[in-house]
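Structure first, then comments.
Scope of the values below: all heavy atoms of this structure, side chains included, with no hydrogens, waters or symmetry mates. Order of the sequence lines fixes the chain letters, A, B, ..., with proteins taken first and strands second; residue numbering starts at 1 for each chain.
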Amino acid sequence: MSEQGSADVREVVIEYFDGTSRTATIIDREVPYPEGKLIVSRTDTKGFITHANQAFVDMSGYSQEELIGKNHYILRHPDMPAVAFAGLWETIEAGNKWHGYVKNLRKDGAYYWVKATVIPNIRNGQVVGYTSVRRKPSRSKIAESEALYATLK
Amino acid sequence: MTLNLTVSPDFAPDHISGWFIFNTWLQRQLETRVHLELYDCFDKQRADIKAGKYDLVYANPFDASMLVRELGFKALVRPLSKPDETIIATHAESSLTCVEDLAEGAQLVATDDPDVNRIGMIMLEPADLDSANTKLNTVDSYVIVAKHLLNNQADAGFFLKDAYDELSALIRKQMKVLVSSEISVVHHALLVGPEMQQFIPQLQDKLIGMAEDEKGKSVLESMNLLGWEIMTEEETEFMIDLIDTLID
């Protein structure tokens with residue numbers, strides 16, 4: 001990953017696990033989690049988005065059309081360590097529920113923190129996809145997560 | 001043949017007669033006897049459902065999950081434009097302005113409504129509160145939840161939004177809302193047991209048609225419903241998956 005630009009706005013090349021990468025503008029600005037809402041999305045077994053609710057659209061800054069068919073990693077913020085997502089995939093591919101605190105990247109480069117839960121969607125004994133539900137985290141959990149993730153990068 | 005119907009105990013007391021009217025309507029439509037049993041306690045009802053006493057259940061979303069995944073029920077319909085939302089409220093003159101103002105040791109008051117209480121606890125997470133560092137007083141009705149707040153016997157109370165909205169204006173004026181959920185996709189459902197699934201198409205037809213005829217419409221009004229819409233198997237599974245993510 002290479003970094004350049006000023007302290008508040010920087011251009012970052014984000015490399016994904018599948019070998020692809022993109023250059024994203026990162027702005028050091030937090031967008032507050034909307035009160036009372038759940039951000040809901042579903043993906044297929046490879047992580048490609050098949051459903052996004054309105055709260056997801058509003059918070060991510062992407063349109064519904066832009067989100068459907070994209071890999072969920074489109075939201076990955078460069079401050080998130082890859083190991084956190086490796087743990088997520090290991091857990092859900094084993095058929096278990098995963099909880100974690102995640103810093104998400106918006107289309108405009110700003111970010112928002114969530115408490116995320118991901119579960120496998122099992123139909124007739126087969127995993128057919130995953131449901132991810134995000135809710136409002138506490139400031140103390142965000143601070144703990146920031147400190148932890150800084151050590152994992 | 002007698003069909004047995006029960007209704008989640010979280011509807012407002014004003015609509016009890018509405019469910020009996022619905023029961024009579026259903027008997028006429030199906031030309032068979034339907035017995036309606038109402039409960040004032042979630043646990044007792046759940047035990048009787050698990051014992052196989054019911055063919056039709058109007059269930060809250062958390063119980064719907066248990067009915068489908070554990071007991072082989074299938075969702076027929078959901079009420080039109082009636083998502084289950086939760087409100088956390090406090091006394092109007094309380095110094096609290098948002099959930100984050102609540103501190104450890106907060107005294108909460110709620111009914112034993114499982115979905116409202118679960119969503120309520122989730123909405124307390126931003127304040128680092130959970131069942132271990134709060135005190136929850138469980139009471140019999142939302143009117144009593146409000147009474148506890150008005151008497152300053154609790155810092156915050158959980159309400160089903162529908163029930164909160166149906167409290168008298170005088171009571172509501174003495175409370176303020178700290179947070180109201182906007183989940184939209186979690187709702188009650190009318191479910192049919194494994195022995196009755198051959199009746200699903202017929203039941204769905206009759207229920208969907210209710211909003212179209214005068215008699216059906218007045219039955220719906222008495223239950224405070226606008227109508228029904230079909231709930232597909234995948235929609236049911238989607239709601240259950242979502243609820244699963246909310247249970248730790």
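- Top candidate by heavy-atom pairs under 4.5 Å with chain B, chosen from A:Arg123, A:Gln54, A:His51, A:His99, is A:Arg123.
- Test B:Ile200, B:Leu203, B:Leu191, B:Leu207 against B:Val77 for side-chain contact (heavy atoms from CB on, under 4.5 Å) and you get one pass: B:Leu207.
- Residues of residues 29-43 of chain A lying under 4.5 angstrom from chain B, judged on non-hydrogen atoms, are A:Glu35, A:Gly36, A:Lys37, A:Leu38, A:Val40, A:Arg42 in numerical order.
- With respect to B:Thr138, the side-chain contact (heavy atoms from CB on, under 4.5 Å) criterion is satisfied by exactly one of B:Val145, B:Asp112, B:Thr111, B:Asp113: B:Asp112.
- Ranked by heavy-atom pairs under 4.5 Å with chain B, the first of A:Ile142, A:Ile119, A:Thr131, A:Asn53 is A:Ile119.
- Taking the charged nitrogens against the carboxylate oxygens, A:Lys115 and B:Glu125 do have a contact shorter than 4.0 Å, which makes a salt bridge.
- Ranking B:Glu100, B:Met123, B:Glu85, B:Glu237 against chain A, the residue ahead of the rest is B:Glu237, based on heavy-atom pairs under 4.5 Å.
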| Test log, rule side-chain hydrogen bond (donor to acceptor under 3.5 Å, both in side chains), inputs A:Thr25 and A:Glu11 | CA-CA 5 Å; A:Thr25 302; A:Glu11 297 285 308; 2.8 Å; yes
| said: A:Tyr73 vs A:Trp89, test: ring pair (Phe, Tyr, Trp, His ring centres under 6.0 Å). Steps then yes/no. | reply: CA-CA 12 Å; A:Tyr73 63 45; A:Trp89 279 100; 9.8 Å; no
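- Interface remark: B:Thr245 contributes backbone and side-chain atoms alike to the contact with chain A (heavy atom separation under 4.5 Å).
- Donor-acceptor pairing under 3.5 Å is lacking for the side chains of A:Arg22 and A:Thr20.
- Interface residue B:Leu246: backbone and side-chain heavy atoms are both found under 4.5 Å from chain A.
- The side-chain tip of A:Arg76 does not point at the ring of A:Phe17 from less than 6.0 angstrom away and within 45° of straight on.
- In this model, no donor atom of one side chain and acceptor atom of the other lie less than 3.5 Å apart for B:Asn137 and B:Gln153.
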